[in-house]
Visitor: 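One structure, as structure tokens, below. Some questions next.
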Amino acid sequence: MKGSQKVIDCLNELLAGELMARDQYFIHSEMYKDWGYEKLYTRIHHEMGDETEHSRQFIARILLLEGTPKMVPEALSIGHDVPSMLKADLDIELKVRDNLKKGIVLCEQENDFVTRKLLVEQLLDTEEDHAYWLEQQLRLIDEMGLQNYLQSSAA
Ligand SMILES: [Fe+2]
Ligand SMILES: [Fe+2]
């Protein structure tokens, strides 16, 4: 089913963000594992799976609309310690949120309500799961201090 080229281009931009988020969670989860922060590893490894599924949904939708998925991730921003990693991940989620919102508006203009539904579902995941959890962690670090937070994050 031929889709709007504007929607396909938008989906490709969103796909680049999901692939980047997936890769960033991939490296960050392995860093947590290497440092012995098992709980952070488990959570972020799970997040990598979520972003892989988001990417898969975009790829499938682009193919259905007879477009070509561009498998090129945006540039990563890899942190160097736990707070900078959490912050870098939150920055990604907030950027993804803004891009999803723009995409939703575009889908309405182009009358593509099925793609719109897909974007709304990912927006829900982004706001209420990923970004919310990262904001909670940064708040916990503020309130309990970094060392206490790190102690609670180790196995
Ligand atoms: Fe995502
Ligand atoms: Fe996410």
Side-chain angles (χ1 to χ4, degrees), residues 3-35 37-65 67-110 112-142 149 152-153:
S4 144
Q5 190 57 48
K6 283 184 190 167
V7 170
I8 291 169
D9 291 345
C10 169
L11 283 168
N12 262 319
E13 280 173 33
L14 290 168
L15 174 60
E18 294 304 310
L19 292 171
M20 179 261 277
R22 185 185 67 146
D23 285 352
Q24 185 150 319
Y25 287 137
F26 191 6
I27 177 62
H28 279 175
S29 65
E30 290 300 320
M31 287 163 74
Y32 290 140
K33 191 180 192 180
D34 180 54
W35 295 341
Y37 296 124
E38 272 301 314
K39 288 181 191 164
L40 288 172
Y41 163 73
T42 302
R43 174 73 195 207
I44 295 302
H45 183 75
H46 169 85
E47 236 62 318
M48 180 179 73
D50 283 356
E51 306 304 1
T52 304
E53 172 58 16
H54 290 169
S55 304
R56 190 201 63 73
Q57 291 171 354
F58 285 149
I59 291 167
R61 187 71 188 157
I62 291 166
L63 290 171
L64 185 146
L65 297 176
T68 304
K70 292 184 187 144
M71 302 301 290
V72 183
E74 284 176 31
L76 307 188
S77 53
I78 301 167
H80 56 273
D81 55 18
V82 173
S84 65
M85 289 155 77
L86 293 169
K87 182 76 178 54
D89 292 346
L90 178 60
D91 288 347
I92 285 185
E93 294 295 338
L94 296 179
K95 190 175 166 204
V96 165
R97 177 195 62 183
D98 292 346
N99 289 339
L100 283 167
K101 286 182 183 179
K102 283 183 207 152
I104 289 164
V105 172
L106 176 73
C107 288
E108 281 171 10
Q109 289 163 354
E110 298 294 305
D112 184 342
F113 301 110
V114 176
T115 303
R116 181 191 186 282
K117 179 170 176 285
L118 178 65
L119 267 50
V120 169
E121 285 165 0
Q122 291 202 15
L123 182 60
L124 189 73
D125 245 7
T126 301
E127 283 190 0
E128 294 197 350
D129 187 14
H130 299 182
Y132 184 51
W133 183 83
L134 289 161
E135 282 172 348
Q136 280 177 333
Q137 306 316 300
L138 291 165
R139 198 180 320 123
L140 286 171
I141 290 172
D142 264 359
Y149 177 81
S152 73
S153 305

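Read the numbers this way: they start at 1 and go in the same order the structure lists the ligands and their atoms. On a predicted model such as this, the values are computed, not experimentally measured, just so you know. Computation of the quantities below employed the complete heavy-atom set of this structure, encompassing side-chain atoms and omitting hydrogens, waters and symmetry-equivalent molecules.
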Visitor: Please report the closest heavy-atom contact between Lys70 and Asn12, naming both atoms and the distance.
Guide: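 Looking at all heavy atoms of both residues, the shortest contact is N-OD1, 2.7 Å.
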Visitor: Any N/O/S atom from Glu51 (main chain or side chain) under 2.8 Å of the Fe ion (ligand 1)?
Guide: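 Yes, since at least one N, O or S atom of Glu51 sits under 2.8 Å from the Fe ion (ligand 1).
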Visitor: In His54, the N, O or S atom nearest to the Fe ion (ligand 1) is which?
Guide: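 For His54, the N, O or S atom at the smallest distance from the Fe ion (ligand 1) is ND1.
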Visitor: Between Ser4 and Asp112, is a side chain to side chain contact (heavy atoms under 4.5 Å, CB included) present by the stated rule, with each step listed?
Guide: CA-CA 8 Å; Ser4 144; Asp112 184 342; 5.9 Å; no
Visitor: Would you mind naming the N, O or S atom of His130 nearest to the Fe ion (ligand 2)?
Guide: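 Of all N, O or S atoms belonging to His130, ND1 is the one nearest the Fe ion (ligand 2).
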Visitor: Just checking: Glu18, one of its N/O/S atoms, less than 2.8 Å away from the Fe ion (ligand 1), yes or no?
Guide: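 For Glu18, the answer is yes, given that an N, O or S atom comes within less than 2.8 Å of the Fe ion (ligand 1).
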Visitor: Test side chain to side chain donor-acceptor pair (under 3.5 Å) on Gln57 and His54 and set out the steps.
Guide: CA-CA 5 Å; Gln57 291 171 354; His54 290 169; 5.2 Å; no
Visitor: Quick one: closest heavy-atom pair of Leu63 and Pro69, and the distance?
Guide: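 Nearest pair, atom of Leu63 first, then Pro69: CD2-CD, 3.6 Å.
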